[in-house]
Amino acid sequence: MLDKLTTEKRNNRTNNLDEMTSLEICTIMNEEDRNVPLAIEKVLPKIAEAIDIIATKVAGGGRLIYVGAGTSGRIGLMDAVECVPTFGVPDDMVIGLIAGGQRAFVKAVEGAEDSKELAITELKELRFSEKDVLVGIAASGRTPYVISALEYAGKIGSETIAISCNQHAAMSQYAHLAIEIDAGSEVLTGSTRLKAGTTQKLVLNMISTGAMIRMGKVYKNLMVDVMMTNEKLEERGRKIIIEATGVDYQTADSTLKTAENNVKTAIVMILAKCDYREASRRLQLGNGFVRTAIE
């Protein structure tokens, strides 16, 4: 089975990898990494479709659940965690499940990715329903833990998306939308934390960011729903207000305080020339979109 997977084939360009100098190693890895965005370019329409599916589901009260094992699971978990401060979403709106549980993020849990029952148990514990959308991630496209999750989610009527790094991946048949990105064999044979991992990271960047944009979490190219949980982010919040409205620092700071430290509301207060209560009302009526709120 592994012999048929691109991610497991030997790369003829690196047959003498162990004899290369450090610079030669860096050079060949850099050259091979250039294949990743080119491979992703071929499936952009499918990634866009995934964005629309997720945005619709989450805006309707559902959740985005990533499921993966090993590197794939870690990438999904990382993307889920970073959505909270970047887009100001609840920590249960985007969730990452990794085979073996949270401890598998820092230490491999042997055999976890082969468990079909584990994925179903974890989804049931999350009270996963047809309102949610499940994104299964596996470089090989054949991980039992991920396939089981996709199959279960499909049976209960949820939208399912599969992301793999091989053509004709086994798990694609269990998803409503299959995204297969073939960036070629790895520099180090079978080490899918390399090109395959980079591929998955870039695709998840597009999916989560795109979905949040479609949900009104962005104004122009500014992350106006940023959560100001530390000094750096507080300063970024003021900077976003300044860039969105053109006011000076003092005005941005005072308006932000009046807006109860909500960057998006402060922006609407300034651009629509209204008070906090009216800005909040406009945003609510506009489903959180700044452009709609200031019209």
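Starting from 1, each residue takes its place in the sequence as its number. Not measured: the values here are computed from a predicted model.
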With sequence neighbours excluded, tell me which residues meet side-chain hydrogen bond (donor to acceptor under 3.5 Å, both in side chains) with [X].
X    : answer
E151 : none
K57  : none
S208 : D79

The single option from I270, V268, I267 that satisfies side-chain contact (heavy atoms from CB on, under 4.5 Å) with I294 is V268
State, to 0.1 Å, how close K9 and T189 come at their nearest heavy-atom pair, and which atoms those are. O-CG2, 3.9 Å
Backbone N or O of [Y] within a donor-acceptor pair of the [X] side chain at under 3.5 Å?
X    : Y    : value
S280 : Y276 : yes
K195 : S185 : yes
D52  : E49  : no
N16  : E19  : no
Q200 : A196 : yes
K264 : Y219 : no
T21  : E24  : yes
N166 : E180 : no
T7   : S140 : no

ILVMFWY cluster, [X] and [Y] together (side-chain gap under 4.5 Å):
X    : Y    : result
I207 : I98  : no
L204 : I40  : yes
V58  : L177 : yes

Hey, are E278 and R282 close enough for a salt bridge, meaning a charged N less than 4.0 Å from a carboxylate O? yes
Check this for me, if you would: do E235 and R238 make a salt bridge, where the nitrogen-to-carboxylate-oxygen distance has to be below 4.0 angstrom? yes
Restricting to side-chain contact (heavy atoms from CB on, under 4.5 Å), what partner residues turn up for [X], sequence neighbours left out?
X    : answer
S148 : K116, A119, I120
S254 : none
T292 : F289

Is R13 atom CZ crowded by more than 12 heavy atoms from other residues, nucleotides or ligands, each under 6.0 Å away? yes
Looking only at the side chains, is there a donor atom on one of E113 and T143 sitting less than 3.5 Å from an acceptor on the other? no
